[in-house]
Amino acid sequence: MNATASHGIEPGEFDYVIVGAGSAGCVLANRLSANGKYSVLLLEAGPRDTHAWIHIPLGYGRLFKEKAVNWMYQTEPEPGLGGRSVFQPRGKVLGGSSSINGLLYIRGQHEDYDRWRQRGNVGWGYDDVLPYFKKAEDQTRGADDFHGSGGPLPVSNLGHPDPISAAFIEAAVEAGIPRNPDFNGASQEGAGFFQTTTKGGRRASAAVAYLRPAKSRGNLHVETSALAEKILFEGRRAVGVQYRQAGASRVARARKEVLVSGGAFNSPQLLQLSGVGPAELLRQHGIEVVLDAQGVGHDLQDHMQVRVVMRCSQAITLNDIVNNPFRKVMTGLRYAAFRTGPLTIAAGTSGAFFKTNPRLATPDVQIHFLPFSTDKMGEKLHPFSGFTASVCQLRPESRGSIRIGSADPAAPPEIRINYLASEVDRTTNIEGLKILRKILQAPALAPYVVEEVDPGAKVTSDEALLAYCRARGTTIYHPTSTCRMGNDPLAVVDQNLRLRGIDGLRVVDASVMPDLVSGNTNAPVIMIAEKASDLILQDAR
Ligand SMILES: Cc1cc2nc3c(=O)[nH]c(=O)nc-3n(C[C@H](O)[C@H](O)[C@H](O)COP(=O)(O)OP(=O)(O)OC[C@H]3O[C@@H](n4cnc5c(N)ncnc54)[C@H](O)[C@@H]3O)c2cc1C
């Protein structure tokens, strides 16, 4: 990927400067450079995606604490979790979080996007965004009304549908939840297997799907280990980015636009460092105010997960493989030879979406089922046979914030999620756990169950279940909405993702979601960036 001299452009000057090569940034880099007319610089704070575990689906467990490719953030003490700080992994590598995530392909509910539209965001209703989901997708089952084929992003069936994961689906059906073979089709509700962003047993990160095919384009320039420190302004127009690379400070000028795709934690941080954010916060850190934008860093949302761990009666879980040197080697050989088997397992095998209250219009809880167990994600698997299912409340009401704690661009931002601050959030988690237990106690799973290890059979009252959520609840890695799209005074970007009050600057990533979608967030971010690319190219004409 080389400089743009052949396009007659001064080194250091580009049409578009993109900050962050994550899920969104890789899509933008591909789409904006595709017609060859525009020069594009993609700046990524992390390295190239050469770490071997990135490309092996189960490797995501190894990347939770891998500093070389992970920002490894911690929240401030969370009042709703007894003052615990929650670990927040984020990808810091080409592909961003899509290079370290759990690979599940879930779009959310049709109603999520219709709600965005209902809040005044023209062009973001389900019918508007469906074409962009389809454009991105290369669905292994082929194209239909809801799916696309031939797009850059491979979406595949599970590589290793093990018997316990299948039994979980049967148990959910026995507990009264409908069977659903496609969570991304007509309706999300039900139980079934997940699909993953993989191809041939390998991870399809945004870097693999979007950046690799574009790498020989002369008008696309990618800089890694390049930390954007500041967006540069002339008056209220963004004109470039100052970044640090190999100890030196550099400047890239943007003739058309600066596109901020640093993710839900880093995008508001960069805006605040650049003088766009709550004026009193910026002054506190000696930063000159370009625009007093109170909404920057406001409205942070995240999905929490509360895990139930089961002891299994048969030595067929991943714990049994990992704890047995012979089986471990055989699993490695099988993967090396055929790209199949347990190493293709993602962050969930099967799952379910259900309502904790029949009066709700759509599901408010997602279950992720996994044929292994551990005390904490990313840590050693249990020495016994075990499996896990977690409750994830889909539309939390609690809101948090991102605020710089220092004017130093290398310092982490202060992250406050405020998990369980709302009564609805507390009740939904309690009711979700009760329904999950019904599934885990259904006949189809009986041949596999010895006992519930966590929270354990003694934990039954609402108070005790809530105490368990507070003690053990953690993130399921879906922060959003810190530079929210909308029309109200706290909205940061408009429906074309342009920063309100500033020219030449857009935010394109998970931070622009008006609110959190009811599901995993990678596919929605890729959709957002596909749509943003069209909006940007339309304005460039
Ligand atoms: C452990 C984990 C598991 C997950 N599992 C799933 C899953 O199974 N399914 C799913 O759908 N979603 C999952 N997600 C969430 C999903 O991956 C994210 O929502 C999505 O990738 C976010 O995309 P983004 O473009 O907003 O940000 P990111 O993909 O995080 O990209 C931001 C990029 O910007 C770079 N950057 C930030 N600041 C700067 C700067 N100042 N200068 C230069 N570069 C910068 C970062 O290094 C990063 O590469 C998971 C996330 C994690 C962390």
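Ligands are counted one by one from 1 in listed order, and the atoms in each one are counted from 1 as well.
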- Task: For a side chain to side chain donor-acceptor pair (under 3.5 Å) with Asn520, tell me which candidate from His368, Arg107, His303 qualifies.
- Result: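 Of the listed options, the one satisfying the test is His368.
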
Which atoms of ligand 1 have any heavy atom of [X] under 4.0 Å away?
| X | answer |
| --- | --- |
| Gly91 | 46 (C), 47 (O), 48 (C), 49 (O) |
| Val19 | 40 (C), 42 (N), 43 (C) |
| Asn266 | 37 (C), 38 (N) |
| His478 | 12 (N), 13 (C), 14 (N), 15 (C) |
| Gly20 | 33 (C), 34 (O), 35 (C), 44 (N) |
| Asp509 | 25 (O), 26 (O) |
| Ser98 | 21 (O) |

Shortest protein heavy-atom distance from [atom], along with the residue and atom involved:
| atom | value |
| --- | --- |
| atom 53 (C) of ligand 1 | Pro89 O, 3.2 Å |
| atom 20 (C) of ligand 1 | Ser23 OG, 3.5 Å |
| atom 52 (C) of ligand 1 | Tyr477 CB, 3.4 Å |
| atom 11 (O) of ligand 1 | Asn522 N, 2.8 Å |
| atom 26 (O) of ligand 1 | Ala510 N, 3.0 Å |
| atom 18 (C) of ligand 1 | Thr521 OG1, 3.8 Å |
| atom 28 (P) of ligand 1 | Ser97 N, 3.6 Å |
| atom 27 (O) of ligand 1 | Gly263 CA, 3.5 Å |

Does a side chain donor of either [X] or [Y] reach within less than 3.5 Å of an acceptor in the other side chain?
| X | Y | value |
| --- | --- | --- |
| Thr344 | His160 | no |
| Arg506 | Asn496 | no |
| Asn522 | Ser23 | yes |
| Gln301 | Asp515 | no |
| Gln139 | Gln195 | yes |
| Asn180 | Ser187 | no |
| Asp302 | Thr475 | yes |
| Thr362 | Gln109 | yes |

When you compare ligand 1 with [X], is there at least one nitrogen or oxygen pair between them that comes in under 3.5 angstrom?
| X | answer |
| --- | --- |
| Gly25 | no |
| Leu104 | yes |
| Glu44 | yes |
| Phe64 | no |
| Ala24 | yes |
| Ala45 | yes |
| Ala347 | no |

- Counting heavy atoms only, which of Ile18, Val93, Asn101 comes nearest to atom 13 (C) of ligand 1?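 Result: the heavy atom closest to atom 13 (C) of ligand 1 is in Asn101.
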
- Query: Quick one: which of Ala410, Ala228, Ser511 has a heavy atom closest to atom 42 (N) of ligand 1?
  - Reply: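 Among Ala410, Ala228, Ser511, the closest heavy atom to atom 42 (N) of ligand 1 belongs to Ala228.
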
- For Glu44 and Val93, indicate whether the former's side chain and the latter's backbone hold a donor-acceptor pair under 3.5 Å.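 Such a contact is found between Glu44 side chain and Val93 backbone.
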
- Query: Can you say whether the rings of Trp124 and Trp116 are parallel (under 30°), tilted (30 to 60°) or perpendicular (over 60°)?
  - Reply: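 Ring orientation of Trp124 relative to Trp116: tilted.
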
- Mutual orientation of the aromatic rings belonging to Tyr126 and Tyr113 [parallel < 30°, tilted 30-60°, perpendicular > 60°]: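 Correct class here is tilted.
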
Please work out, at 4.0 Å between heavy atoms, whether the side chain, the backbone, both, or neither of [X] comes within that distance of ligand 1.
| X | value |
| --- | --- |
| Ser261 | backbone |
| Thr480 | neither |
| Glu229 | neither |

With a 4.0 Å cut-off on heavy atoms, is [X] in contact with ligand 1?
| X | answer |
| --- | --- |
| Ala226 | yes |
| Trp71 | yes |
| Ile106 | no |
| Leu270 | no |

- Query: Does atom NZ of Lys380 have more than 12 heavy-atom neighbours from other groups under 6.0 Å away?
  - Reply: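 Incorrect, the count does not exceed 12.
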
- Task: Taking only Lys NZ, Arg NE, NH1 and NH2, and the carboxylate oxygens of Asp or Glu, determine whether Lys135 and Asp534 approach each other closer than 4.0 Å.
- Result: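 Salt bridge flag = yes for Asp534 with Lys135.
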
- Message: Do Arg339 and Tyr335 form a cation-pi contact, if we require the NZ or CZ to be under 6.0 Å from the six-membered ring centre and within 45 degrees of the ring's axis?
- Response: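 Checked: cation-pi criterion met.
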
- Among Val493, Asn121, Thr480, find the one that has a side-chain contact (heavy atoms from CB on, under 4.5 Å) with Pro514.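 Of the listed options, the one satisfying the test is Asn121.
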
- Message: Go through it in stages, so that I can follow the logic: the residues are Phe133 and Tyr105, the test is ring pair (Phe, Tyr, Trp, His ring centres under 6.0 Å), and I'd like the CA-CA distance, side-chain angles, deciding distance and then a yes or no.
- Response: CA-CA 11 Å; Phe133 279 116; Tyr105 182 82; 7.3 Å; no

- For the residue pair Lys230 and Leu273, establish whether any side-chain heavy-atom pair is separated by less than 4.5 Å.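 Counting from C-beta outward, Lys230 and Leu273 never come under 4.5 Å.
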
